[in-house]
Amino acid sequence: MTATNSFLPPEPVVVQPRQRPVIAIDGPAGAGKSTLAAHLARTFGFLNLETGAMYRALALKAIENDYGFDEEESLLDLAAKTRIKLEPQHEGNCVTLDGMDVSRRIRDKDVTSGASQISVHPRLRAWMVDEQRALGQAGGVVMEGRDIGTAVFPDAEVKIFLDAAPEVRGNRRYQQNPGTPGQSNVTESALVEEMRERDARDRNRIESPLKPASDAVILDSTNLSLEQVLAAAEEIVRQHLPTPK
Ligand code: DC
């Protein structure tokens, strides 16, 4: 797979010590990582890279080509023939799969579940991690996902693990997307249940399970407003970056 970012120089990239910091945002589904990552990227003048979109785009390609989510070898072959591009925008990323804009389609329920299922495969994860390191190697990025602070950039200058109680995450998701295509008939309790299932898979997989890095700052947003979360995270970044913009 070629995951590219139009702001980065063309391959081959000479690997050098990065000039600018990496901000790693990890946490479970629905914790508000995307909103937070977009906000921090705007505030500090960084690129915002959403790694979950890469797992989602590959899951979509698997669906379109009738590949099973448990077929690691075939998924790796498929990945090698796939071009995924993340383009940071004001809010989140525009995601293209082999040149097609799939930014909306990858949010559908079948893709959401598929992304979580394919993400358990160790060799596929190793592939994704390599791609993500290449995307962020110059620094100046807010990278959001499940394993950024533990596996992709264990040396990230700032690590935030954003968490919230499952009911709160399910409720927020439901309030945000009551009429999202592919989710229009989903009740709030079904959404919470789905989230619990995905969390359990993400937290219990053998390879890079979702967990805070030992040096991550844990930000629990269960009882915080969005404004409070953004302010708290900004403060964390300012404390860790020597010369914030
Ligand atoms: O962040 P998201 O909901 O778009 O992620 C979709 C799935 O991809 C998630 O259930 C687990 C997987 N994922 C991962 O394993 N590692 C990442 N860095 C990002 C996402």
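Heavy-atom basis, side chains included; hydrogens, waters and symmetry copies ignored. First listed ligand is number 1; within each ligand, the first listed atom is number 1.
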Under 3.5 Å, which donor-acceptor pairs link side chains of residues 27-38 to any protein atom two or more places apart or in another chain?
from	atom 1	to	atom 2	distance (Å)
Lys33	NZ	Gly27	O	3.0
Lys33	NZ	Pro28	O	2.9
Ser34	OG	Glu144	OE1	3.3

Under 3.5 Å, which donor-acceptor pairs do the side chains of residues 205-214 form with other protein atoms, sequence neighbours left out?
from	atom 1	to	atom 2	distance (Å)
Arg205	NE	Glu207	O	3.1
Arg205	NE	Ser208	O	3.0
Arg205	NH1	Ser119	OG	3.2
Arg205	NH2	Ser208	O	2.9

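Applying the 6.0 Å contact sphere to CG of Asn204 captures more than 12 heavy atoms from other residues, nucleotides or ligands.
Using modelled atom types, one finds a donor on one side chain and an acceptor on the other under 3.5 Å when comparing Ser116 with Arg201.
The pair Arg198-Glu194 does not meet the salt-bridge criterion, since no charged nitrogen lies less than 4.0 angstrom from a carboxylate oxygen.
The residues lining ligand 1, counting any heavy atom closer than 4.0 Å, are Thr51, Gly52, Tyr55, Arg56, Ala115, Ser116, Ser119, Arg125, Gly145, Arg146, Asp147, Arg198, Asp202, Arg205.
Under the side-chain contact (heavy atoms from CB on, under 4.5 Å) criterion, Val129 pairs with Arg133, Asp147, Val152, sequence neighbours left out.
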